[in-house]
Visitor: 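Got a structure here, written out as structure tokens. Questions coming.
Chain identifiers are assigned alphabetically (A, B, ...) following the order of the sequence lines, protein sequences preceding nucleic acid strands; residue numbering begins at 1 within each chain.
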Number of protein chains: 2
Amino acid sequence: MKKKSVINDTPACQIRMQAISDTMGILSGKWKFHILGTLIEGRKLGFMDLLREIDGIGSKMLSKELQDLEMNHLVSRTVMNTKPITVEYAVTEYGATLAPLIDELTKWGLAYRQSIHGSK
Amino acid sequence: MKKKSVINDTPACQIRMQAISDTMGILSGKWKFHILGTLIEGRKLGFMDLLREIDGIGSKMLSKELQDLEMNHLVSRTVMNTKPITVEYAVTEYGATLAPLIDELTKWGLAYRQSIHGSK
DNA sequence: GAAAGTACTTTCCATTAGGAAACTACTTCA
DNA sequence: TGAAGTAGTTTCCTAATGGAAAGTACTTTC
């Protein structure tokens with residue numbers, strides 16, 4: 001007689017697993033949290049602003065990640081009719097719902113650093 | 001005159017960015033959140049239990065991810081002296097501090113699903 | 001003594017992620 | 001007229017991710 005899954009066999013757990021996959025799928029990659037964090041902080045920023053603010057990112061990655069975020073309605077892209085054409089990126093209302101998650105992420109990272117210093 | 005970073009130029013923001021990188025570095029990969037979530041739910045589980053509970057994971061990935069998590073003191077590995085040798089994996093006290101983060105992740109994923117159904 | 005269960009490890013392979021650098025295209029300022 | 005700023009795109013490359021399948025090693029049950 002083969003053993004079967006016990007814990008995950010309930011619909012509730014299957015759904016929770018799927019929820020984790022959904023979130024991580026949308027927020028995958030090295031830069032999405034950084035972009036969102038910067039945008040939450042800075043309200044409205046241009047492409048070159050983001051390139052300067054986010055240390056280490058290249059224009060290809062920034063462009064691609066912004067497209068992903070826009071596709072998922074987390075970031076808005078507005079072309080302004082200014083003299084040298086500029087584009088304004090901002091977090092959408094829906095994107096702002098990620099703030100608590102990013103906050104938890106940051107808090108945990110800070111605590112982790114401190115725990116290394118404290119215990120060693 | 002070249003423009004310089006304005007928002008991220010403060011030490012506070014540099015540290016926040018680093019915190020995000022730290023957390024995502026430790027929790028990187030397709031399976032870490034699933035393993036931790038299952039382990040938080042199931043308290044103590046053997047290798048084969050986890051293999052059965054986590055839908056889609058293979059033994060190589062499970063083994064590797066568990067080693068990563070153990071190295072970062074998020075999961076404990078205890079070899080039991082039972083008849084057929086068994087190993088007990090459990091979330092450490094420190095690993096349990098990730099519960100709020102995993103919770104936020106899950107909540108956001110659930111809300112995302114609902115927003116798609118609701119708006120479309 | 002063969003099957004099945006424990007816990008992994010190893011090999012081999014395909015896909016993806018991501019970085020560097022160059023390039024497009026258009027505008028304004030000196 | 002050329003330098004610099006706007007916002008990207010394209011190409012080329014390497015390294016990392018992760019999956020399938022088989023193998024190791026040891027034990028217990030039928």
Side-chain angles (χ1 to χ4, degrees), chain A residues 1-6 17 20-21 24-36 38-39 42 44-72 75-90, chain B residues 1-6 17 20-21 24-36 38-39 42 44-72 75-90:
Chain A
M1 181 164 47
K2 268 194 187 172
K3 275 190 200 174
K4 278 201 104 187
S5 173
V6 179
M17 286 291 166
I20 292 174
S21 293
M24 294 317 291
I26 290 162
L27 269 11
S28 66
K30 197 174 169 183
W31 299 109
K32 296 225 176 65
F33 284 113
H34 290 100
I35 294 172
L36 286 166
T38 306
L39 239 28
K44 287 170 191 295
L45 292 171
F47 187 85
M48 295 308 281
D49 292 328
L50 285 165
L51 211 51
R52 277 184 291 261
E53 299 293 340
I54 301 166
D55 199 48
I57 200 170
S59 52
K60 188 189 87 170
M61 275 301 118
L62 180 56
S63 172
K64 190 221 146 211
E65 299 289 58
L66 282 170
Q67 276 171 30
D68 281 5
L69 292 170
E70 199 195 342
M71 235 185 300
N72 286 311
V75 159
S76 66
R77 179 182 184 274
T78 317
V79 179
M80 311 301 284
N81 78 337
T82 45
K83 324 98 182 239
I85 194 165
T86 52
V87 178
E88 255 182 25
Y89 290 97
Chain B
M1 180 163 49
K2 268 194 187 172
K3 274 190 199 173
K4 279 199 106 185
S5 173
V6 179
M17 287 290 167
I20 293 174
S21 294
M24 293 318 290
I26 290 161
L27 269 11
S28 66
K30 197 175 168 182
W31 299 109
K32 296 226 176 67
F33 283 113
H34 291 98
I35 295 172
L36 286 166
T38 307
L39 239 29
K44 287 170 192 293
L45 293 171
F47 187 85
M48 294 307 280
D49 292 328
L50 285 165
L51 211 50
R52 276 185 291 261
E53 299 294 340
I54 302 166
D55 198 48
I57 199 169
S59 52
K60 189 189 88 170
M61 274 302 118
L62 179 56
S63 172
K64 190 221 145 213
E65 299 288 59
L66 282 170
Q67 276 171 32
D68 281 5
L69 292 170
E70 200 195 341
M71 235 185 300
N72 286 311
V75 159
S76 67
R77 180 182 184 273
T78 317
V79 179
M80 312 300 284
N81 78 336
T82 46
K83 326 95 182 240
I85 193 166
T86 52
V87 179
E88 255 183 26
Y89 291 96

Visitor: Taking side chain as C-beta onward, heavy atoms only, is His34(A) less than 4.5 Å from Ser21(B)?
Guide: yes
Visitor: Below 3.5 Å between N/O atoms, which protein atoms pair up with nucleotides 15-19 of chain D? Just atom names and distances, please.
Guide:
unit_1  : atom_1 : unit_2   : atom_2 : d
dG18(D) : OP1    : Lys30(B) : N      : 2.9
dG19(D) : OP1    : Lys30(B) : NZ     : 2.6
dG19(D) : OP2    : Trp31(B) : NE1    : 3.1
dG19(D) : N7     : Lys60(B) : NZ     : 3.2
dG19(D) : O6     : Lys60(B) : NZ     : 2.2

Visitor: What is the distance, rounded to the nearest whole Å, between atom CD of Glu88(A) and atom C1' of dG8(D)?
Guide: 17 Å
Visitor: With a cut-off of less than 4.0 Å, is there a side-chain N or O of Arg52(A) near OP1 or OP2 of dT6(D)?
Guide: yes
Visitor: Rounded at 0.5 Å granularity, tell me how far CG in Asp49(B) sits from CD in Glu88(B).
Guide: 9.5 Å
Visitor: Can you tabulate the close N/O pairs, meaning under 3.5 Å, that link protein atoms to atoms of nucleotides 27-29 of chain C?
Guide:
none

Visitor: Side-chain polar contacts of residues 60-67 of chain B - donor-acceptor pairs under 3.5 angstrom, sequence neighbours left out - could you list them?
Guide:
unit_1   : atom_1 : unit_2   : atom_2 : d
Glu65(B) : OE1    : Lys32(B) : NZ     : 3.2

Visitor: Could you state the atom-to-atom distance from CG of Asp49(A) to C1' of dA7(D) in whole Å?
Guide: 12 Å
Visitor: Find the distance Leu51(A):CG to dT9(D):P and express it as a whole number of Å.
Guide: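 So the CG-P distance, Leu51(A) to dT9(D), works out to 13 Å.
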Visitor: Nearest-Å distance, CZ (Phe47(B)) to C1' (dG5(C))?
Guide: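 Roughly 13 Å, once rounded to whole Å.
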Visitor: Would you name the heavy atoms of Gly25(B) and Ser28(B) that are closest together and state the gap between them?
Guide: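 Minimum heavy-atom contact is O-OG, 3.1 Å.
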Visitor: Taking C-beta and beyond as the side chain, do Met17(B) and Thr38(A) meet within less than 4.5 Å on heavy atoms?
Guide: yes
Visitor: Drop me the distance from Lys30(A)'s NZ to Ile57(A)'s CD1, to the nearest 0.5 angstrom.
Guide: 9.5 Å
Visitor: To the nearest 0.5 Å, tell me how far Ile54(B) CD1 sits from Arg52(B) CZ.
Guide: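 Ile54(B) CD1 to Arg52(B) CZ: 12.0 Å, rounded to 0.5 Å.
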Visitor: Using atom CD1 of Ile35(A) as one end and atom P of dA7(D) as the other, report the distance to the nearest whole Å.
Guide: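 Atom-to-atom, Ile35(A) to dA7(D), this comes out as 15 Å.
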Visitor: Need one value for Ser59(A): base, sugar-phosphate or nothing, where a base atom within 4.0 Å counts as base even if backbone is also close, heavy atoms only.
Guide: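 Base, at least one base heavy atom under 4.0 Å.
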Visitor: Among Thr78(B), Leu69(B), Leu50(B), find the one that has a side chain to side chain contact (heavy atoms under 4.5 Å, CB included) with Tyr89(B).
Guide: Leu50(B)
Visitor: Take the protein atom CG of Leu62(A) and the nucleotide atom P of dG19(C), then report the distance between them rounded to whole Å.
Guide: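 Spelled out: CG on Leu62(A) to P on dG19(C) is 12 Å.
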Visitor: Nearest whole angstrom, please: distance from the P of dC26(C) to the CE of Met80(A).
Guide: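 It works out to 22 Å between those atoms.
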Visitor: Could you state the atom-to-atom distance from CD of Gln67(A) to P of dA7(D) in whole Å?
Guide: 15 Å
Visitor: When you check the phosphate oxygens OP1 and OP2 of dT6(D), does a side-chain N or O of Thr86(A) lie under 4.0 Å from one of them?
Guide: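 Negative; the distance criterion is not met.
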